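Here's the structure we're looking at; comments come further down.
These numbers come from a predicted model, not from an experiment. The first residue in the sequence is number 1, and the count goes up from there.
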Amino acid sequence: MNRIFGRGKPKTPPPNLSDCIGNVDARSESIEKKIGRLDAELVKYKDQMKKMREGPSKNMVKQKAMRVLKQKRMYEGQREQLAQQSFNMEQANYTIQTLKDTKTTVEAMKIGAKEMKRAYKDVKLDQIDDLQDQLEDMMEDAGEVQEALSRSYGTPEIDEDDLEAELDALGDELLLDDDSSYLDEASAAPSIPEGLPSDSKTNKDGVLVDEFGLPQIPAS
């Protein structure tokens, strides 16, 4: 069948702005390199002209420099054109992407609006109001129950003056309990003698006494 009717030519993909921008930028970079090489030649010719005297040789070098400068101007014009083309395509590409994003956003908002409508169909405002009223009534009933449970029964009436007198007396009792004068008396008691009693001591008359304070009998 392919021999009879032949094969159809493969369809070429449509042009892509991103690819076109890449190609233009690559051409612009190539021209930029050429301009750089021409600048180097111009510097070389300029240095030669500074060292040469006026004459045919200097004029020849000058003609070469003029020719290089013309090429440079031509390349600079092409570079400006390519830069403007790239900028225009980038702006167009940005606009296209913005429109696509806007379309996607609008579609998402439409879907969200439909879902909200379906959700609101299941929500009844009257039922919400009734539920709020029921909760409020239940809270009030709970408060009344707590108040009823905390009510006191059979509590005798007590005079406030009697309470104040009892409070003052209670303070005096606490002060008596906190009295530490007995500690002062204990601290004033004579101290316990320190160290071991010695075997030989003298009294005020210079007589030797034993550990009990009795005069010692001289040994025979």
Side-chain angles (χ1 to χ4, degrees), residues 1-46 65-155 157-158 160:
M1 297 294 292
N2 292 331
R3 294 178 180 178
I4 297 175
F5 297 101
R7 292 184 178 180
K9 294 182 179 181
K11 295 182 179 180
T12 58
N16 188 354
L17 278 177
S18 298
D19 295 339
C20 293
I21 293 172
N23 293 333
V24 171
D25 290 341
R27 291 172 59 190
S28 179
E29 291 177 0
S30 176
I31 293 176
E32 189 70 31
K33 293 179 181 179
K34 293 179 180 180
I35 293 175
R37 288 195 294 267
L38 294 177
D39 285 335
E41 291 183 14
L42 286 174
V43 171
K44 182 181 67 174
Y45 291 147
K46 188 175 181 180
M66 294 292 291
R67 184 171 61 253
V68 172
L69 185 59
K70 288 180 181 179
Q71 292 178 0
K72 178 184 175 183
R73 293 288 180 84
M74 181 185 65
Y75 285 136
E76 286 178 347
Q78 293 177 0
R79 182 184 62 184
E80 294 298 327
Q81 291 178 357
L82 292 174
Q84 187 63 40
Q85 291 177 10
S86 177
F87 176 77
N88 293 336
M89 287 188 292
E90 287 178 354
Q91 292 298 316
N93 192 20
Y94 174 79
T95 303
I96 292 172
Q97 293 298 327
T98 302
L99 292 175
K100 290 181 179 180
D101 294 339
T102 302
K103 181 181 178 181
T104 304
T105 303
V106 172
E107 291 177 354
M109 292 176 65
K110 289 180 179 179
I111 295 173
K114 292 180 180 178
E115 292 180 354
M116 290 177 64
K117 288 180 180 179
R118 287 196 299 267
Y120 272 119
K121 288 181 180 179
D122 299 332
V123 177
K124 305 296 182 181
L125 294 178
D126 296 337
Q127 295 179 358
I128 295 175
D129 293 335
D130 294 339
L131 180 60
Q132 291 291 337
D133 294 337
Q134 292 177 8
L135 291 174
E136 185 176 359
D137 294 339
M138 292 173 65
M139 294 299 293
E140 291 179 357
D141 294 340
E144 292 178 358
V145 171
Q146 294 297 326
E147 183 179 357
L149 292 175
S150 61
R151 189 179 304 167
S152 60
Y153 301 97
T155 303
E157 295 182 359
I158 301 174
E160 292 185 358

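- With contacts defined as side-chain heavy-atom distances shorter than 4.5 Å, the pair I96/K100 qualifies.
- A side-chain donor-acceptor contact under 3.5 Å links T105 to the backbone of D101.
- Among all heavy-atom pairs drawn from R79 and I35, the shortest one is NH1-CD1, 3.8 Å.
- Atoms CD and NZ, from E115 and K117 in turn, are 12.5 Å apart once rounded to the nearest 0.5 Å.
- Taking both residues in full, the closest heavy atoms of Y75 and I31 are given as O-CG2, 3.4 Å, listed atom of the first, atom of the second, then distance.
- Side-chain contact check for S30 versus K34: some heavy-atom pair is nearer than 4.5 Å.
- Taking CG from N23 and CD from Q85, the interatomic distance works out to 11.5 Å, rounded to the nearest 0.5 Å.
- By the 6.0 Å contact criterion, CD on Q91 is enclosed, its count of non-hydrogen atoms from other residues, nucleotides or ligands being greater than 12.
- Residue Q97 holds its CD atom at 11.0 Å from OG1 of T102, rounded to the nearest 0.5 Å.
- How far CD1 of I128 is from CG of D133: 12.0 Å, rounded to the nearest 0.5 Å.
- Using a 4.5 Å heavy-atom cutoff, the side chains of L42 and D39 are in contact.
- Atom-to-atom distance recorded for Y45:OH and L38:CG is 10.0 Å, nearest 0.5 angstrom.
- The side chain to side chain contact (heavy atoms under 4.5 Å, CB included) test with E76 is passed by exactly one of M74, Q78, R73, E80: R73.
- For the 3.5 Å distance criterion, the side chains of N88 and Q84 qualify, holding a donor opposite an acceptor.
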In sequence, state the C-alpha distance, the side-chain angles, and the governing distance for S86 and E90, and then conclude on side chain to side chain contact (heavy atoms under 4.5 Å, CB included).
-> CA-CA 6 Å; S86 177; E90 287 178 354; 3.7 Å; yes
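- Contact between V24 and L82 at its shortest, heavy atoms only, is CG1-O, 3.3 Å.
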